[in-house]
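Structure record follows, encoded as structure tokens.
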Amino acid sequence: MSLRDRFFSPSDVVADLQWVRTNLLDPAAPEDMRSHGRVTSIELMRRWSGSGRRPARDGIFCQRIFGPVSSFRCACGALCGEEHAGGSCKECGVLCSTSALRECRYGHVLVAGVVHPAVVPIVADALGLSADQVRAIARCEAWFDGDTVRPAEEMDTHENADATGPAALEAALIRKGADPALVAVAVTRAIPLPPPGMRPFFGDLGPAMVDPWIGPLNEAWRSLVLAAQSQLKLVELSPPPIVLMNQQHTVQELFEVVVQATVSPPAATRPWPEPEPISSPVLLMGAPSRLPEDVGTEVVGLFFVDDERLFVQRPHGSWLVTTGGDVLAHVPSCGRIATSIHGSRLRMAEWIRNEWDWFEQDEYWDAKSGRASVAVLDLDTKEYLDTYPADMPLRLLEHAEPEDLVVGHVAEDVSQPARPRPAPLRWGWDRPAVLATTRDGRYAWVGEEDDTAVLDLDTGIPQLDPVMQSWVDAEDPVVRMSPEAPDVRDGGDGEETATALGSTPQNRFRFLHGTGVVSDGEKLWFRIDTMILAAAFSPAADRIAIATDEEIVIISVSHEPAIIGRFAAPDAARQT
């Protein structure tokens, strides 16, 4: 039997798990029966400008652990060629050998302790409990009160913290005088991670898909690594027991998911269900009654309505203008920024600053009660709608406390604990954000810093993980707003600007990064040398409009960019 079979679908449970426990961390064990390194990073395969994709170090595809992607070439290229076969690179630690290693080499994940699903019935029989009771204790949903199992709600977490979790089951087995072999495998602390060859990618699942998707099995492993790393850090910090119990619950559940997914790899399905149709009209909050203090007057939003019209937004009002700067209409502020267009209706799902800044506290809860925190503007009538149109997209990306970015629904409130919360998106660090969306609202650029992805909100499948460019080289083009502007090639102050996402008719993405760089997600095209307050791509993504201090500038998007239009940003103070 292979290491995979012995651990994930053991036939003789105690003997097989004992075999894995003995061999997994033994350097002398055969190549395909042991781990070749600990996986500690949630980083995956990163795209590097001009050099393709590379597995991240210590991640679930790490070359140092699982073997080289390219035969006889280490990760950094210092060892290249069959003459170096068998040598390990001193720089990156990757063995110079064939890529076939990635079909047989294992890694491992360390956890504070989990209970293998296959051992649950055996532990239950030894302790005179039901399998459900053992699972509940392993997840910290129940605890031992002497020989009685009680629900966690009746537990004093400070007094009885040691009476729940895998360690409590291990201690109970010892008290019962259980078989030492069972005691030894009752709690797993090193989990074998199968070779990448057993965890294939998925590709061509969407019209705009650029990168292959790692798929639900690898997503499950990535989630477990993230939770396990958090758990071990918490153990070191010694937080209140309830915090450790909650994390143990998460790790145990994710481990059970990984075991099941490894035995029966799930098909490539959407990570969230289809949104249910709106059964009754969804009321909208409407416009706020006041302008918050210190909200500012600068341009905060910019949107291409079509090829010839722009929607320009300030906190105190919005304007529909031509691309030549002629004002067509003035619309009162609704406190939100336009994020997508559907026919003649603009959907505004992003607040200017925090939404509660626009209301008094009691007024805010009255306005939000039973209503969706979204605004919809009918461009034909220049009026905001009272109810949400049922034929418009129903999904929303929003933050659920404290920091998860989740996919919600216009007819639900993700902050309500009574509702099942959608799975958080796993891009970004402390607080991932929605960096930009395409004009139709289908694709969203999400994440934080250099950990981002473009998601198809219809399917939930990542389409691309774009390179984040921070500066340009001497030969790269720079669009300068004026001759007096400093040249970015001499160094910049690193201040972040607006971001934007466009899609071409050929389903290729265009990005405005927070550093002012415009790219196709892999190669830099040019940089705009100014502070950008807001930006938007045209319908074909062949132009980009940016808002500077008091000006709207339109730039052609190509390898030879040029300013093709500019005009003063509309402002009520200048309107007659």
Exercise. Within a reach of under 6.0 Å around CG of N507, are more than 12 heavy atoms found that belong to other residues, nucleotides or ligands?
Worked result: yes
For this session: Quick one: pull up CE in M1 and CG in D12 and give me the separation to the nearest 0.5 Å.
Result: 9.0 Å
For this session: Tell me, yes or no, whether the heavy-atom count around R38 atom CZ, taken from other residues, nucleotides or ligands under 6.0 Å, exceeds 12.
Result: yes
For this session: Using distance alone, with no hydrogens and no angle criterion, decide if R34 and N23 have a side-chain donor and acceptor under 3.5 Å apart.
Result: no
Exercise. Taking atom CG of L524 and atom NE2 of H559, what is their separation to the nearest 0.5 Å?
Worked result: 10.0 Å
For this session: Check for a donor-acceptor pair, side chain of Q18 on one end and backbone N or O of A184 on the other, with a separation under 3.5 Å.
Result: no
Exercise. Is the shortest distance from a Lys or Arg side-chain nitrogen in K523 or D520 to a carboxylate oxygen in the other one below 4.0 Å?
Worked result: no
Problem set entry | Atom pair CH2 (W221) and CG (L193), whose distance is rounded to the nearest 0.5 Å | 4.5 Å
Exercise. In chain order, what residues pass the side-chain contact (heavy atoms from CB on, under 4.5 Å) check against S97, with sequence neighbours excluded?
Worked result: L95, L101
Problem set entry | Ring geometry between F511 and W445 (parallel below 30°, tilted from 30 to 60°, perpendicular above 60°) | perpendicular
Exercise. Does D16 reach the main-chain N or O of S11 with its side chain, forming a donor-acceptor pair under 3.5 Å?
Worked result: yes
Exercise. With no hydrogens and no angle check, is any side-chain donor or acceptor of D32 less than 3.5 Å from a backbone partner on R105?
Worked result: no
Problem set entry | Sidechain-backbone polar pair: T188 side chain, A190 backbone, donor-acceptor under 3.5 Å | no
Exercise. Any salt bridge between R510 and D542, counting N to O under 4.0 Å?
Worked result: no
Exercise. Are the side chain of H513 and the backbone of T515 linked by a donor-acceptor contact shorter than 3.5 Å?
Worked result: no
Exercise. Quick one: does Q247's side chain have a donor or acceptor within less than 3.5 Å of a partner on A227's backbone?
Worked result: yes
Exercise. Judged by atom type as modelled, is there a donor-acceptor pair below 3.5 Å linking the side chain of H36 to the main-chain atoms of E31?
Worked result: yes
Exercise. Between the side chain of R102 and the main-chain N/O of F61, is any donor-acceptor distance below 3.5 Å?
Worked result: yes
